[in-house]
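Take a look at the structure set out below.
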Amino acid sequence: MDDSNNNGEEKTRGLDFIRQIIKEDLDSGRVSQVVTRFPPEPNGYLHIGHAKAFTLSFSVAEEFGGICRLRYDDTNPEKEDEEFVRGIEEDIRWMGFKWEGEPRHASSYFARFYEWAVELVNAGKAYVDHQSPEEMVENRGTPTKSGLDSPYRNRSVEENLELLEQMRTGVLDEGSCVLRAKIAMDHVNILMRDPTLYRIRKETHHRTGDDWCIYPMYDFAHGFEDAIEGVTHSLCSLEFVNHRPLYDWFLDNVSVPSRPHQYEFARLNLSHTIMSKRYLRKLVEDHHVHGWDDPRMPTLKGMRRRGYPAAAIRKFIDEIGVSKVNSLVDVEFLNFHVREELNRTAHRRMAVINPLKLTITNWPEGKIDIFTAENNPGDTEAGSRDIKFSGELWVEKTDYMDDAPRKWFRMTPGKEVRLKYAYYVTVNEILRDNSGEPEELLCTYDPETRGGDSPDGRKVKGTLHWLSRHDAVNAELRLFDHLITLEDVSKAEEGKEFLDYINPESELINTEAKVEPALASAAAEERFQFMRNGYFVADTVNHIPGAKPVFNRIVGLRDSWAKIAKKG
RNA sequence: UAGGACGUCGGCAAGCGGUAAGCCACCGGGUUUUGAUCCCGGCAUUCGCAGGUUCGAUCCCUGCCGUCCUAGCCA
C-alpha cells in the first residue's frame, strides 16, 4: 500500500498521556462514561493558565462522549466572593465551552463531608487536636525529620465525637482546635502526617451563610466532591502530585459513592508574564494595571479586551499539548496563533499612527478621487469599501527618511513610491519645524498611475498606507508591550521580585493617530488589521461608536524590515 | 545525607525495542499594490551523562547529574 500519495496520510501527534489513560479506561470497561470537572475557587478571575486546564477537561469529555461539570471549590469562606462567579462563567462561555447542568458547589456537600468525618472518627481514624498552629508546625517535622505524635492523638472515639460536635455547633472557639486524620507522623510524605480535615471559622460563607462554623480543607474535601459527582478522571496540575496519596486515602477509608482518580499535568507558564492569582491580584490592587481586564493582563478578561480571539487561544492551547514537563511557553507562540486567526478574519483598514502631512503639489485644486479597497485580500467574500483620496494626505512619519539606507523601499527625496490603491508619488521638498523635524512632505504624483500601476511598467518597491486629510478622523490608539521585562519570572535575580521587572512602557497611549472615517462607527470588540501597522480592536470600555474611537493594538504584524534594519 | 515528579532541536512536543513526526523561532529562495499573507527549501548521525541487557535501545535495567514540587488551621 502506498501511503505516500497526496491522500492526506499525514502523521499526526499521538494522544497525550491523559487521553491515553482515558482511552484505555474506556476500552477496558473500567469506566463507561468519562466525567470530568473544572473546580475553580471563586476568589479571582481566570487566566490563560486556567484556560489550559478547563480546555483539557472540557475537550476530553467532549471527545470521548462524556460530560464535564463546573464546580466551585468554595470551602474557604474568607477568600471567596460571588463577584467572581459571574466572571468565571462568562469566561468559560467566551472560550466556547458549556458545562453539564447547573454549576455545582463544594459548599452544598458540607453535610456529607461532615458525615464522613464522623465516620473516620468512629473508625478511630481522626481526632480533635488542641495543639496551637505553632505547635503543629513544630511537631510536623521536616522533609528529613519525622514528626511527633500530638498529645491529643489517642483520645477516645466518644471524646472525639463530642469535641467534633462542639466544633460544629460553635461551642469551641476559632483556632482552638482542628480535626485531623490519624495517619502517621513519620510518613515520608509530609502531607500525610495527620493532615487537617476541619478548621473552625466563624465566618459567613457566601452561599451557606452562618450554617457552619467549621470548614473542610482541600485535601479532605476534593476527592469527596469528585466522588459525589461521579467524576472519573480528576485532572489537576503537577503541584498536586504530592497530594494524591491523601486523595486516595480519604476515598479508601470512607464509604464513598464512586471511586474517582486524580491525574496531574503541567500547568501553563508563559514568558514575560505571571500566572499566579496572588501576583495578578497584587498588580490590580497596587494599580500597576487598570484592572483585571487590563489588556496587558494574562487573564481571559484582559486578553479578551486586548482583542485576542477565543479561537486563537484555543488553537494555541491545543498546540502546546499536555505533558508532565514543567515548561515555559514563549508568548510569541500565542501571538503567532492570534495573527493566524486575525489574518483570516479581520478586515483591513488604513490608519496612521504617527501622522505626517503629505501634500501633492500638482494635484488639481479641490479634487477628490475614490478608490475601491478590498477588505481582505485573502478572502474575496469579505467584500470591499470605497476610500477617498485628495491632494492633502496623512502618511506615516516613520515611512520617510532623509538619508535612507540601501534597502529602504519607502519615502526619501527623489524616490518614487506607491500609495496603496492610489498613485505613485515622489517626495521633492520637505518643510521642517524649528528643530529640523519634517513637518510636511511636498510631492508630485503621476496621473498615469491611477489605481497603483504604471502603464509603462515602471516598478516601485514600496507601497504605503495613507489617509486623506479631509475625511480622516482622530482616534486614540493604545499600544501594548510585555508587562514583565523578564522572560522567565521564576528566574528573578537575588532579592528581586516580579514587581522589579514591570515594563514602564507596557502601555503607550497615542492620541494623535488618524483612521479611516468608517472606523469611527466600529462596534466595540470589532477587530481590524490596520494595514502595515498590526491588528487592532475597538475597546470595549472607552470606544464610543460615532463619538470617540479608541483602539487597542492586539498584536503587530510580522516585520521583516525591522530585522533587516537591525542587521544593518 | 527525605520523598515525589520530570529531563528528546533555541521554545513547545510526538515517539511506547526496529534505526529521531509536527508546530513556532531561525536561515535561504519565489510570489506579492500590506517589507503582511502565501509558496518552496534548510534546520537533532542524535534523545541529561555513564554503564548494562539485546542482533538492535530515545524506548528495558543500574548508577550518577540536573530541574521542579512538598514542612498553610490556602486551593
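Chain naming here is simple, since letters A, B, ... match the order of the sequence lines and numbering starts at 1 in each.
OP1 or OP2 of B/rC73 has at least one side-chain nitrogen or oxygen of A/R140 nearer than 4.0 Å. Taking only side-chain nitrogens and oxygens, A/R201 comes nearer than 4.0 Å to OP1 or OP2 of B/rC74. Listed pair A/R532 / B/rG35 meets the phosphate criterion, a side-chain N or O lying under 4.0 Å from OP1 or OP2. Contact check, A/R199 against B/rG72: no side-chain N or O comes under 4.0 Å of OP1 or OP2. Within the structure, a side-chain polar atom (N or O) of A/T75 is placed less than 4.0 Å from OP1 or OP2 of B/rA75. Proximity of A/Q20 to the phosphate of B/rA14: no side-chain N or O atom is located under 4.0 Å from OP1 or OP2.
Using a 4.0 Å heavy-atom cutoff across all strands shown, A/W466 reaches no nucleic acid atom at all. No contact: A/G378 has no heavy atom under 4.0 Å from any strand. Residue A/L328 is classed as a sugar-phosphate contact, given heavy-atom separations below 4.0 Å to backbone atoms only. A/H243 comes within 4.0 angstrom of a base, heavy atoms only. No engagement by A/Y198 is indicated, since no non-hydrogen atom pair under 4.0 Å with the nucleic acid exists. As judged by a 4.0 angstrom heavy-atom cut-off over every strand, A/T142 is placed among the base-contacting residues. In this structure, A/R344 reaches neither bases nor backbone, as no heavy-atom distance under 4.0 Å exists between it and the strands shown. Here A/E138 lies out of heavy-atom contact (under 4.0 Å) with every strand. Among the heavy atoms of the strands lying under 4.0 Å from A/V241 are primed sugar atoms or P, OP1, OP2 only; no base atom is included. Within 4.0 Å (heavy atoms only), A/N242 reaches at least one base atom of the nucleic acid. Within the 4.0 angstrom heavy-atom criterion, only backbone atoms of the sugar-phosphate kind lie near A/P216; the bases stay farther away. Residue contacts shown for A/V331 are absent, as no nucleic acid heavy atom lies under 4.0 Å away. Base contact: A/K420 has a heavy atom under 4.0 Å from a base atom. At the heavy-atom level, A/D129 lies nowhere under 4.0 Å from the strands shown.
Base orientation for B/rG11: anti, the chi torsion being more than 90° from 0.
Comparing B/rC40 with B/rC24, their P atoms sit 12 Å apart, to the nearest whole Å. The separation of B/rA44 from B/rA25, taken at their C1' atoms, amounts to 15 Å, rounded to a whole angstrom. Only the C1' atoms considered, B/rG66 is 10 Å distant from B/rC49, to the nearest whole Å. If you take atom P in B/rU62 and the same atom in B/rG4, they sit 13 Å apart, rounded to whole Å. Here, B/rC59 and B/rG15 have their P atoms 15 Å apart, quoted to the whole Å. If you take atom C1' in B/rC47 and the same atom in B/rU58, they sit 5 Å apart, rounded to whole Å. Nucleotides B/rA2 and B/rC61 have their P atoms positioned 22 Å apart, rounded to a whole Å. Nucleotides B/rC27 and B/rG10 have their P atoms positioned 16 Å apart, rounded to a whole Å.
Aromatic ring centres of A/F220 and A/F250: separated by under 6.0 Å. Centroid-to-centroid, the aromatic rings of A/F333 and A/H337 come within less than 6.0 Å. Aromatic rings of A/Y215 and A/F110 (six-membered ring for Trp) have centroids within the 6.0 Å cut-off, being under it. You'll find the ring centres of A/H243 and A/Y247 outside the 6.0 Å limit. Aromatic rings from A/Y279 and A/F498 are positioned such that their centres are separated by under 6.0 Å.
In this structure B/rU67 sits in a base pair with B/rA5, meeting the Watson-Crick or G-U test at under 3.5 Å. Of the nucleotides present, B/rC40 is the one that pairs with B/rG28 by Watson-Crick or G-U wobble criteria, both distances under 3.5 Å. Using N1 to N3 plus N6-O4 or O6-N4 for Watson-Crick, or N1-O2 and O6-N3 for G-U wobble, each under 3.5 Å, B/rC60 pairs with B/rG52.
Annotation: of the two residues near RNA chain B, A/Y535 and A/V137, the 5′-most nearest-nucleotide partner is A/Y535. Judged by closest nucleotide on RNA chain B, A/V325 is the one of A/V325 and A/N376 placed further toward the 5' end.
In this pair, A/W561 lays its aromatic ring flat on the base of B/rG35, centres within 5.5 Å and planes under 30 degrees apart.
Taking the side-chain contact (heavy atoms from CB on, under 4.5 Å) definition, one finds that A/D25 meets it with A/I21, A/R30, A/V31, A/H233, A/Y263, sequence neighbours left out.
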Using nucleotides 65-68 of chain B, report all nitrogen or oxygen pairs with the protein that are shorter than 3.5 Å.
{"residue": "B/rC68", "atom": "O2'", "partner": "A/N326", "partner atom": "ND2", "Å": "3.2"}

Just the table, please: protein N/O against nucleotides 25-30 of chain B N/O, every pair under 3.5 Å.
{"residue": "B/rC26", "atom": "OP1", "partner": "A/K563", "partner atom": "NZ", "Å": "3.1"}

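Pairs of residues two or more places apart, or lying in two chains, that qualify as salt bridge (Lys or Arg N to Asp or Glu O under 4.0 Å) and include a residue from residues 185-197 of chain A are A/R153-A/D194. For residues 559-568 of chain A, there are no salt bridge (Lys or Arg N to Asp or Glu O under 4.0 Å) pairs, not counting sequence neighbours. Applying the salt bridge (Lys or Arg N to Asp or Glu O under 4.0 Å) definition to pairs two or more places apart or across chains, those involving residues 128-139 of chain A are A/D129-A/R180.
Side-chain contact between A/K277 and A/N43 is present, with at least one heavy-atom pair separated by less than 4.5 Å.
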Begin from the C-alpha positions of A/F551 and A/F536 and carry the test ring-ring contact (aromatic ring centres under 6.0 Å, His included) through to its verdict.
CA-CA 6 Å; A/F551 293 91; A/F536 288 74; 7.1 Å; no
Should A/R349 and A/N375 be marked as a side chain to side chain donor-acceptor pair (under 3.5 Å) after you check the CA-CA gap, both sets of side-chain angles, and the distance that decides it?
CA-CA 7 Å; A/R349 292 290 184 271; A/N375 287 328; 3.1 Å; yes
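Counting atom types as modelled, A/Q529 pairs a side-chain N or O with a base atom of B/rU34 as donor and acceptor under 3.5 Å.
Distances from the side chain of A/D73 to the nucleotides B/rA5, B/rA75, B/rA2 place B/rA75 closest. Set against B/rA13, B/rA75, B/rA36, the side chain of A/P377 has B/rA36 as its closest nucleotide. With B/rC69, B/rC6, B/rA36 as the choices, the nucleotide that has an atom nearest any side-chain atom of A/R348 turns out to be B/rA36. Looking at the side chain of A/T144, the nearest of the listed nucleotides B/rA71, B/rA2, B/rU34 is B/rA2. For A/R410, counting side-chain heavy atoms from C-beta on, the closest listed nucleotide (B/rA2, B/rA14, B/rG35) is B/rG35. Of the candidates B/rC6, B/rA13, B/rG11, the closest approach to any side-chain atom of A/S323 belongs to B/rA13.
Within 6.0 Å of atom NZ in A/K202, more than 12 heavy atoms from other residues, nucleotides or ligands are found, so the atom counts as buried in its surroundings.
Between A/F389 and A/Y423, the two ring planes are tilted [angle within 30° to 60°].
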